[in-house]
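Okay, so here's the structure we're looking at.
Just so we're clear, the structure is a prediction, and the values are computed from it rather than from any experiment. Letters A, B, ... are given to chains in the order of the sequence lines, protein chains preceding strands, and every chain is numbered from 1.
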There are 2 protein chains.
Amino acid sequence: MFKDIAIAALRENGYKITKPREWIVEYLDGNKNHPTALEIFDDIRKSDKSISFATVYNTLDTLVKANIINEITIDSQSSRYDPDTSNHVHFLCEKCKKVIDIHSDKVKPILESMPGKVSGFDIIVRGECDSCIKKS
Amino acid sequence: MFKDIAIAALRENGYKITKPREWIVEYLDGNKNHPTALEIFDDIRKSDKSISFATVYNTLDTLVKANIINEITIDSQSSRYDPDTSNHVHFLCEKCKKVIDIHSDKVKPILESMPGKVSGFDIIVRGECDSCIKKS
DNA sequence: TTGCATGCAAACCATTTGCAAACTT
DNA sequence: AAGTTTGCAAATGGTTTGCATGCAA
C-alpha cells in the first residue's frame, strides 16, 4: 500500500513523520487526479484538518526528492503531483481536460536509448480523447 | 529554411507580419538552446531592437498556436520554446543543465498508441549525461 | 533536548491584462 | 480605413522565503 511505503521511505531518508505529511500521503494514496498543490491544500482543509500552504509545498518537495511521488508539468499554469511512479504516459484531452494514464511498454525503449543515466521522466501527449471525438 | 516557413505559416493563418514577429522567428531559426521568453527578450534587446515583454509573450503564443514552434515544460520555473517540431525527446542533464535533443523513431509508437487524436507532445527525460558521468 | 517541521504573511517572479498609440494590409 | 498588434505599467497568481513557534525523535 502506497501510504506505508511512502512513510517508510520518508523514515529511511531521515524525515520525520508529521501529521501534515501523513495527510498528504493519505490524500495521494490511489489518487489518479494529478492534483495541484492548491487542490491538495483545499481538499485537506475541507476535512477539518489544519494545514498551511507552505507546508503543502514543502511536503510535496520532500516527497518528490525522496522519489515517492512525481511532479508532472502537463499544466503550464501549475505543477501537478502523481503518486504513480511507474512507467506511464499522460494523455491530456484538450477538450474535456481529462488526463488519462497510459501504462505502456513502449516507454522503456526510449529511456534505454538515452545518452546517460536516467533518474526520472515526464511524457505528456496532448490531443482529443476517443470519448470526445465520438461526441462531436 | 525555418524563417520562411514560419512567416508563410503566419500569413496563411491570417496573422500580420510585423517587425517583432520577424525578430523572434529569426532568433529561433536554428536555435537549439530552448530559450525562455526572458532570454528571447533580453537577446533581442541586446541587438538594438526595441521590443516589449508583452509582445514576446504574445508572439510566442501565436507561434505555438500556429504550430510553428513548441512550448516545452522541461523547466518548472518557466516555459521554454523550441523551433524544432519534429519527433524528439529532451534529455536534461541535472548536473550540467544541458538539454540534449534526441531524435528517435521510438517516439512514434507511443504517439500511435494513444486513445485519441494526438495534436502535440513533450517528452522530458531527466538524468546525468555521459559527459558528466565520465568526469566524476 | 535538539533540530527539523509548521504556519503565517510578506516577498518574489513569471506571465497576463487593459488600453491608447502605431502599424499592416 | 479597419482591425491587428505593440508597448507600457499595473495586476495576477503560483510558489518561495524568513522567522518565531511547535513537535518528532
Give the table of side-chain donor-acceptor pairs shorter than 3.5 Å for residues 104-111 of chain B, with sequence neighbours excluded, one pair per line with atom names and distance.
unit_1, atom_1, unit_2, atom_2, d
B:S104, OG, B:K106, N, 2.9

When the nearest nucleotide of DNA chain C is assigned to A:T62 and to B:Y57 on a heavy-atom basis, which residue is associated with the more 5' position?
A:T62
Reading DNA chain C from 5' onward, which residue's closest nucleotide shows up sooner: B:A54 or B:S78?
B:S78
Can A:D29 and A:K3 be counted as an ion pair, charged N to O under 4.0 angstrom?
no
Below 30° counts as parallel, above 60° as perpendicular, anything between as tilted: where do the rings of A:H90 and A:H34 land?
perpendicular
Within 6.0 angstrom of B:K117 NZ, more than 12 heavy atoms from elsewhere
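Incorrect, the count does not exceed 12.
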Could you pick out which residue, B:Q77 or B:T55, lies toward the 5' side of DNA chain D when each is mapped onto its nearest nucleotide?
B:T55
Base, sugar-phosphate, or nothing for [X], non-hydrogen atoms under 4.0 angstrom?
| X | result |
| --- | --- |
| A:R80 | nothing |
| B:I51 | sugar-phosphate |
| A:S50 | sugar-phosphate |

Specify the separation, in whole Å, of atom [atom1] of [X] and atom [atom2] of [N].
| X | N | atom1 | atom2 | value |
| --- | --- | --- | --- | --- |
| B:F41 | D:dA9 | CZ | C1' | 13 Å |
| B:D61 | D:dT6 | CG | P | 12 Å |
| A:K65 | C:dC4 | NZ | C1' | 14 Å |
| A:N58 | C:dG3 | CG | P | 20 Å |
| A:L60 | C:dA5 | CG | P | 15 Å |
| B:E39 | C:dC13 | CD | P | 16 Å |
| B:D75 | C:dT15 | CG | C1' | 14 Å |
| B:N13 | C:dT25 | CG | C1' | 16 Å |

With a 4.0 Å cutoff (strictly under), does any side-chain N or O of B:S79 reach OP1 or OP2 of C:dT15?
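Indeed, a polar side-chain atom of B:S79 lies that close.
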Walk me through whether B:Y27 and B:D43 qualify under side chain to side chain donor-acceptor pair (under 3.5 Å).
CA-CA 9 Å; B:Y27 178 87; B:D43 287 344; 2.5 Å; yes
Between N or O atoms, less than 3.5 Å apart, protein on one side and nucleotides 22-25 of chain D on the other: list the pairs.
unit_1, atom_1, unit_2, atom_2, d
D:dA25, OP1, A:I17, N, 3.1

Among C:dT6, C:dT15, C:dC8, which is the nearest nucleotide to the side chain of B:F53?
C:dT15
Verify same cluster id: B:I7, B:I40 (apolar side-chain graph, 4.5 Å):
yes
Expected output: side-chain A:N31 to main-chain A:N33 donor-acceptor under 3.5 Å:
yes
